[in-house]
Amino acid sequence: MPEMQNPNTPLSQQAAEVRSLDRKSAPLLEAMIDLFGQGQEPHHRSFPEHFGPADNFVAISVYLQGFLKPRNPFRQRTGFAKGLFLQESLVGYLLYRLSETNDVFYGKPRWHCHIEDIVVDKRARGLGGASALISTLLAELAPWGECAVSGTVWDGNSASQALFQNQGFEPLSQSFFKVIS
């Protein structure tokens, strides 16, 4: 991560920029894998039965690449990514899935956006980066009309719960998991 002007200065005052991540590149994937490890480490520790090995870099790379622009232009795309850059270095990302649905739960055809993951480099946390990522996504979705936006927060992640609530999200349900082997 680049040197920050002042570790207590919000990223918005340090010329941080949110951009769409549309192109696969080795340096980008390496940075995303590093951030993924930082973000997932507490989940791997708390919920080992639900997460794959934290050091399976091939599987992690394949997962992350699913959110970047596919090489085959005819392949339907539902996964997307936003990157948070500081001095041209990736310091955070937001992964999301976007689809149009008319299932019974939503009642009528509308867009659904599910935020899969948000990670900001541990050295830049608490400086507004995750808020900038979500705000940018919400602003881009607004002109599309009605869109249900959701995200999953694992138990014990009070920072992510506060992030979503500060962005106007409401906790409407709980998800329950069980791994059957």
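One is the number of the first residue; the rest follow in order along the sequence.
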Phe67/Phe80 aromatic ring centres below 6.0 Å: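 Distance test on ring centres: not under 6.0 Å, no.
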
Rounded distance [0.5 Å steps], [atom1] in [X] versus [atom2] in [Y]:
X: Ile118; Y: Asn157; atom1: CD1; atom2: CG; value: 9.5 Å
X: Leu98; Y: Cys147; atom1: CG; atom2: SG; value: 6.0 Å
X: Gln40; Y: Tyr63; atom1: CD; atom2: OH; value: 7.0 Å
X: Leu84; Y: Leu133; atom1: CG; atom2: CG; value: 5.0 Å
X: Leu68; Y: Leu29; atom1: CG; atom2: CG; value: 6.0 Å
X: Phe36; Y: Leu64; atom1: CZ; atom2: CG; value: 6.0 Å

Between Glu100 and Arg110, is a salt bridge (charged side-chain N to carboxylate O under 4.0 Å, His left out) present by the stated rule, with each step listed? CA-CA 6 Å; Glu100 193 169 21; Arg110 71 178 84 172; over 6 Å; no

Test side chain to side chain contact (heavy atoms under 4.5 Å, CB included) on Phe169 and Ile134; report intermediate values, then the result. CA-CA 11 Å; Phe169 289 74; Ile134 290 181; 4.1 Å; yes

Dump the intermediate steps for salt bridge (charged side-chain N to carboxylate O under 4.0 Å, His left out) on Glu41 and Lys122, then the final yes or no. CA-CA 11 Å; Glu41 188 274 327; Lys122 60 187 169 195; over 6 Å; no

Which is it for Trp111 and Glu146 under the side chain to side chain contact (heavy atoms under 4.5 Å, CB included) test, yes or no, and what are the steps along the way? CA-CA 7 Å; Trp111 289 97; Glu146 195 167 329; over 6 Å; no

Is it the case that [X] and [Y] place a side-chain donor and acceptor less than 3.5 Å from each other?
X: Ser20; Y: Lys82; result: yes
X: Thr136; Y: Glu140; result: no
X: His114; Y: Ser150; result: yes
X: Asp117; Y: Tyr96; result: no

Can you say whether the rings of Phe177 and Trp154 are parallel (under 30°), tilted (30 to 60°) or perpendicular (over 60°)?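 Correct class here is parallel.
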
Taking Glu30's backbone N and O only, do any of them form a donor-acceptor pair with Asp34's side chain (distance below 3.5 Å, no angle check)? no

Donor-acceptor contact present, side-chain Ser135 to main-chain Ser131, <3.5 Å: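 It does hold such a pair.
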
What is the minimum heavy-atom distance between [X] and [Y], and which atoms define it?
X: Ser61; Y: Ile33; answer: CB-CD1, 3.9 Å
X: Leu137; Y: Cys113; answer: CD2-SG, 3.9 Å
X: Gly92; Y: Leu35; answer: N-CD1, 3.6 Å
X: Val120; Y: Arg125; answer: O-NE, 2.7 Å
X: Pro143; Y: Ala139; answer: CD-O, 3.3 Å
X: Arg97; Y: Gly79; answer: NH1-CA, 4.2 Å

Start with the C-alpha distance between Ile115 and Phe164, add both sets of side-chain angles, then the distance that settles side chain to side chain contact (heavy atoms under 4.5 Å, CB included), and finish with yes or no. CA-CA 10 Å; Ile115 298 171; Phe164 276 97; 3.9 Å; yes

Report the C-alpha separation of Met32 and Leu21 in whole Å, then their side-chain angles, then the decisive distance to 0.1 Å, and conclude whether the side chain to side chain contact (heavy atoms under 4.5 Å, CB included) test is met. CA-CA 11 Å; Met32 290 179 77; Leu21 300 179; 4.1 Å; yes

